[in-house]
Protein chains: 2
Amino acid sequence: MKENKEEQSSTELKIFEAAREVFQAKGLEGARMQEIADKAEINKSLLHYYYRSKDKLFEKVYQLSIIRVIPQIVSLLNQDLPLEYKLRNFVDKYLEIIIANPDIPLFILHELNKNPTRLKTFMLNEVGKKITPFLEQLRKESRKGNTVDLPAEQILVNIMSMIIFPFIGKPVFQTIFEMDDAAFEQFIYERKKLLPDYIVNTVIKKTGGS
Amino acid sequence: MKENKEEQSSTELKIFEAAREVFQAKGLEGARMQEIADKAEINKSLLHYYYRSKDKLFEKVYQLSIIRVIPQIVSLLNQDLPLEYKLRNFVDKYLEIIIANPDIPLFILHELNKNPTRLKTFMLNEVGKKITPFLEQLRKESRKGNTVDLPAEQILVNIMSMIIFPFIGKPVFQTIFEMDDAAFEQFIYERKKLLPDYIVNTVIKKTGGS
DNA sequence: TTTTATTTTAACCATATGGTTGAAACATAA
DNA sequence: TTATGTTTCAACCATATGGTTAAAATAAAA
């Protein structure tokens, strides 16, 4: 390992990318070190040369998966913007992030299901605390009669559900709608175009106008 | 194994129930036969006495998990009813089924993600083909201007997302909203009350009335 | 060239795990 | 009682897998 922490060698990155793919597809126990080595086109010894063990490698993949998406998403709710604008932006950018990392949600949620307390403090501090201003904003607008009459938490769950679930349910939807990969990609593309408007319209009550 | 296929011995059922819990929580590779035996309060030998192998046991759990929910849900869309009534009923009963089997969605989707072709023919025949009448109904009402202007598939994905995802994302929501188990149960109960109306209102355009 | 870092090869170890077996204890029914 | 089915226990096997090691080959840097 000649390089320092910042500039990783290309093989180290190749290994990490392969590990990311395999872990995200199969989970910690379902993944095989041999499969990771094969996908990275190196041999198993090198895995231990760069990362000491399966657990260590998994931990890096897991943490980076989370750091790669969650802070970005949370920050979208942390700006001082009018509700409608913020909402539209949130849905749009959230979808962009998930489209770029479509396997991360199921990966995180499966691992979290096996061990629900794993990220508790992180979730509480980096997500829970940082979204309360947004929930407050929702409640404030709700009191003014500007939103649909639902608890703020239910609204947020609705929004997140519609953004994330299509990616988690991809194999089901692809089959029952008889879509090949291209068709599903098109379906997601269509979704990205219409979902921001749809969510804004189902959350925010427009006063005045036609 | 004295009993016939219909009336399983109580231990056989106890084993199956334990296996269901462990497999649904940990997945196929994450599950340990010893843990199943412990939870069933029998020893490992008995697992093989009743079910020949881990794979065989898993297969039964997997298939029953699917058969326990999917046909029920699909049948809700297969009745000859007006859209609004059908929709309200669908959301209500779907939630009921998932509340009774909250771990099944993530379980199925994780296993499906590891092997996306696994249930392809089943999904196609038992789901895909049977929901086309519903999609047609949606399109017909859409042409009459009675629904929101979205492709039928997008509408169905929205609906399924809002029903299923809260259960998949439970560990996240529970943490960021700081809910204990009772509070989360209450949250789901609240959801069951309001979601049918909410979904009907966001899908069906009411003509006339104030 | 000399030195250092990277990569391969191959063999190997330790462990966990799924799986098996046989004997014995126990219960139940014929 | 006899026979059959159920359950436990303990020991054990085979395998896959994660992990390690040593030696050599190769490449790169000094």
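The chains referred to below are lettered A, B, ... by the order of the sequence lines, with proteins before strands, and numbering in each begins at 1. These numbers come from a predicted model, not from an experiment.
Neither side chain, A:Asn158 nor A:Gln154, offers a donor N or O lying under 3.5 Å from an acceptor on the other. Side-chain contact of B:Asp38 with B:Gln34: a donor-acceptor pair under 3.5 Å is present, judged by distance alone. Under 3.5 Å, the side chains of B:Asp181 and B:Gln174 contain a donor-acceptor pair of N or O atoms.
For the pair A:Leu47 CG and D:dT20 P, the interatomic distance rounds to 12 Å; values are reported in whole Å. Distance CZ (A:Phe58) to P (D:dG19): 13 Å, rounded to an integer number of Å. In this structure, B:Lys54 atom NZ and C:dA16 atom P are separated by 15 Å, rounded to whole Å. In this structure, the OH atom of B:Tyr51 is 15 Å from the P atom of C:dG19, given to the nearest Å. In this entry the distance linking CD of A:Glu41 with P of C:dT9 reads 13 Å, nearest Å.
Among C:dT9, D:dT7, C:dG19, the nucleotide with an atom closest to any side-chain atom of B:Ser53 is C:dG19. Side-chain proximity of A:Lys44 to C:dG19, D:dA10, D:dG18: nearest is D:dG18. The A:Tyr50 side chain lies nearest to C:dT7 when the options are D:dT7, C:dT7, C:dG18. Picking from D:dT8, C:dT9, D:dG19 the nucleotide with the shortest atom distance to the side chain of B:Asn43 gives D:dT8. For A:Leu46, counting side-chain heavy atoms from C-beta on, the closest listed nucleotide (C:dT8, C:dG19, D:dG19) is C:dT8.
Of all heavy-atom pairs spanning B:Pro166 and A:Ser161, the tightest one is CD-OG, 3.9 Å.
Under 4.0 angstrom from either OP1 or OP2 of D:dG5 there lies no side-chain N or O belonging to B:Tyr49. OP1 or OP2 of C:dG19 lies within a sub-4.0 Å distance of a side-chain N or O belonging to B:His48. In terms of phosphate contacts, A:Thr11 brings a side-chain nitrogen or oxygen within less than 4.0 Å of OP1 or OP2 of C:dT7.
Donor-acceptor pairing under 3.5 Å, judged by distance alone, is absent between the side chain of A:Ser45 and the base of C:dA11.
For the segment residues 23-34 of chain A, no residue has any heavy atom less than 4.0 angstrom from an atom of DNA chain C.
Among the atoms of the strands shown, only primed sugar atoms or phosphate atoms (P, OP1, OP2) are found under 4.0 Å from some heavy atom of B:Ile42.
Using cut-offs of 30° and 60° for the angle between ring planes, the A:Phe173 and A:Phe177 rings count as parallel.
A:Phe107 has its ring centre less than 6.0 Å from the ring centre of A:Tyr62.
Between B:Asp55 and B:Leu57 the shortest side-chain heavy-atom distance does not fall below 4.5 Å.
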